[in-house]
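Accompanying notes for the structure given below.
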Amino acid sequence: MHESAAAPPLALPERRWLRWVAAVPALFFVAMVLKPPLNHDAAAVLDFSQRWLAGARLYVDLIDVNPPLIFILNLIPAWIAKHTPLGAPQALLLCLLAHAAMLWRMTVALRRGRAEGPVEAAVLTAAFPLLIVLAGSDFGQREVLMAITAIPYALLAERRIEGESVPWRLALGVAVAAALAFALKPHFLAVPALVEALVLLRRGRARALRDPVPWVMAVIWVLYLASIPVFFPDYFGHVVPLGWEVYANIHGAGPLTVLVTDLMGSATLLMLLVVPFALRRGAGPLPQALALACLGAFLSAWVQHKGWTYHVLPITILAFAAAAVALSRWTDATLPAERAAAAAPVFAVVAAFGIGGYAIRGGEAPWRQLWFKAEQTGRMTEWLRREAFGGSILVLSPEILPVYPSVTYAEARPTLRTMSIWPLQGAYRTCPPGAAPYRTPAQMSAAEFTFWHRTAEDFARAPPRAVLVTNFAHIPACGDRFDLVAYFSTHPLFARNWTRYRPAGEMEGYRLFLRMR
């Protein structure tokens, strides 16, 4: 029997062609990011920052349970939209893409001089930029910003564990970006806690404590936390107690049920397959750091017990990052050097299309982008552009989507102090008896009375051009009996001014009213 000759390396032009093929999924997701619709939560946060920049007071005139950092960061696109010809969605996309490009450049810089086999080099070159833009419709969500920033942070952790020098500007940039990303929500801190524990274990206590990276991050977190009561005293004084009282229990499947939901269940299974393999002895510090970041992302999603797409995405992103490094490194160690070099571009193509295919199967991109004009958000956008373009609008709805980004694209200016009627949903976890399921002012809790009274006062003081009202308040305790217009009309100020509005149409459970001139 004759042994088959080893396959010769691919010719250089063919290698280049395959590298471009491996880049196709990343380019595809960039195109999806550029297409509407803008992510609804990102649009809502941007709207609050625009209103803050225009003079409204955060946590006084604008009430939301998110800590202030995300609103501070969104002042950048809000300022760009105010002072340039760019609209708010374009300004936000510009900033998000600039941030993604910065993270990609960080990964390239941190990989420079790193010992990589041919398969690992090819796979990471294709996979890392893809993972940074993989979110598609959820691009711009806080969880996604955290997850994609964790990739260069894990690369830096590897360099620190190996004792390799990193240019101080690069290390400082990664540390600051990571500190800000992990500070967006308190439970994101599970990620650096686990990664820094790995660094401590692998480097030893003495060397780890001399490392400036965790201290830079800690200083940023301490300064940020200390600044909140100074600059935003109402956040801890009013918003956090309100959030605990009414917000925490109005959404979500629960901490146990969420584990068996489709999205969270699939991501958890992926994590359970990847993390043990990436953490095995000899895998190397980078797959281990990414695996622990994935575990931290899982803990963060589990604590929120909702299982929404953007809560789950960080698990998927970081699991695939860990798998890409661990599997490609194992392949380099298993194959003869020449065969690994010849097969590397093929492995990169398989990895890129495998990751992209998984994301398309389980996510909303590209379907939400391709069907935007035919879906409710697109139709509402055109409706509001036609009827309320550029005007003030009171939106009474429990839903962020499709209200956002529809009002953003219509350049309408919401007037409600919250992004939705969540204080009302929290107040009506039980429904009072009687034909009309509305409490009298004497029966209302302080949170409900404040929301009811301030909404009516704002409506009377500056009557909006339009009012958009849902037919479904999503208050399960009261069934379909809860009518939002009837509820707020129990306030004399609201009832008196409501007579100035006429119906202007209805679409898919939403009614639009316009003020008569």
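Keep in mind that the numbers below use all heavy atoms, side chains included, and drop hydrogens, waters and symmetry copies. This chain uses plain numbering: 1 for the first residue, then up along the sequence.
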To check you understand the geometry: which heavy-atom pair defines the closest contact between [X] and [Y], and what is its length?
| X | Y | result |
| --- | --- | --- |
| L155 | R111 | CD2-CG, 4.1 Å |
| A78 | Q50 | CB-CG, 3.8 Å |
| G243 | V65 | CA-CG1, 4.0 Å |
| R329 | A283 | NH1-O, 3.2 Å |
| D41 | Y310 | OD2-OH, 3.2 Å |
| P345 | A341 | CD-O, 3.8 Å |

Between [atom1] of [X] and [atom2] of [Y], what distance do you get to the nearest 0.5 Å?
| X | Y | atom1 | atom2 | value |
| --- | --- | --- | --- | --- |
| I315 | L269 | CD1 | CG | 11.5 Å |
| H99 | L96 | NE2 | CG | 8.0 Å |
| L92 | I76 | CG | CD1 | 10.5 Å |
| L270 | F298 | CG | CZ | 12.5 Å |
| E508 | W383 | CD | CH2 | 9.5 Å |
| L290 | C294 | CG | SG | 9.0 Å |

Measuring only between side-chain heavy atoms, which start at C-beta, is [X] closer than 4.5 Å to [Y]?
| X | Y | value |
| --- | --- | --- |
| Q90 | I80 | no |
| V350 | V123 | no |
| W330 | F277 | yes |
| E399 | Y510 | yes |
| P68 | L58 | yes |
| F182 | T149 | no |
| L327 | V119 | no |
| H305 | M264 | no |

Got a donor-acceptor contact below 3.5 angstrom from the [X] side chain to the [Y] backbone?
| X | Y | value |
| --- | --- | --- |
| N39 | Q141 | no |
| Y224 | L69 | yes |
| T408 | Y404 | no |
| R385 | Y409 | yes |
| R413 | G390 | yes |
| R159 | L110 | yes |
| N74 | I70 | yes |
| R142 | K185 | no |
| S406 | P402 | yes |
| T261 | V258 | yes |

*asked:* Taking the basic N atoms (NZ, or NE/NH1/NH2) and the acidic carboxylate oxygens, is any pair closer than 4.0 Å for E158 and R203?
replied: no
*Ion pair D47/R51, N-O distance below 4.0 Å*: yes
*State which residue, out of L198, V275, L318, V191, fulfils the side-chain contact (heavy atoms from CB on, under 4.5 Å) condition with L292.*
L198
_Classify the ring geometry of W308 against H311: parallel below 30°, tilted from 30° to 60°, perpendicular beyond 60°._
parallel
*asked:* Whether the R202 and Q288 side chains hold a donor-acceptor pair (N or O, under 3.5 Å, no angle test) is what I'd like checked.
replied: yes
*Evaluate side-chain contact (heavy atoms from CB on, under 4.5 Å) for M217 paired with Y153, printing each intermediate quantity in order.*
CA-CA 11 Å; M217 296 170 67; Y153 169 65; 3.8 Å; yes
_Between F320 and Y358, ring centroids under 6.0 Å_ = yes
*For residues F48 and W52, establish whether the separation of their ring centroids is below 6.0 Å.*
no
*After noting the C-alpha distance and the side-chain angles of R339 and T331, does the key distance pass the side-chain contact (heavy atoms from CB on, under 4.5 Å) rule?*
CA-CA 10 Å; R339 294 190 66 87; T331 303; over 6 Å; no
*For R105, does the CZ atom sit with more than 12 other heavy atoms under 6.0 Å from it, leaving out its own atoms?*
no
*Could you walk me through whether Q369 and S137 pass side chain to side chain donor-acceptor pair (under 3.5 Å), step by step?*
CA-CA 8 Å; Q369 288 85 354; S137 299; 3.2 Å; yes
*For L18 and V346, run side-chain contact (heavy atoms from CB on, under 4.5 Å): C-alpha distance rounded to whole Å, both residues' side-chain angles, the deciding distance at 0.1 Å, then the answer.*
CA-CA 7 Å; L18 283 174; V346 177; 4.1 Å; yes
_Trace of the side-chain contact (heavy atoms from CB on, under 4.5 Å) decision for L512 with L384_ = CA-CA 9 Å; L512 184 67; L384 295 179; 4.1 Å; yes
*Does K82 make a cation-pi contact with W79, if we ask for NZ or CZ under 6.0 Å from the ring centre and within 45° of the axis?*
no
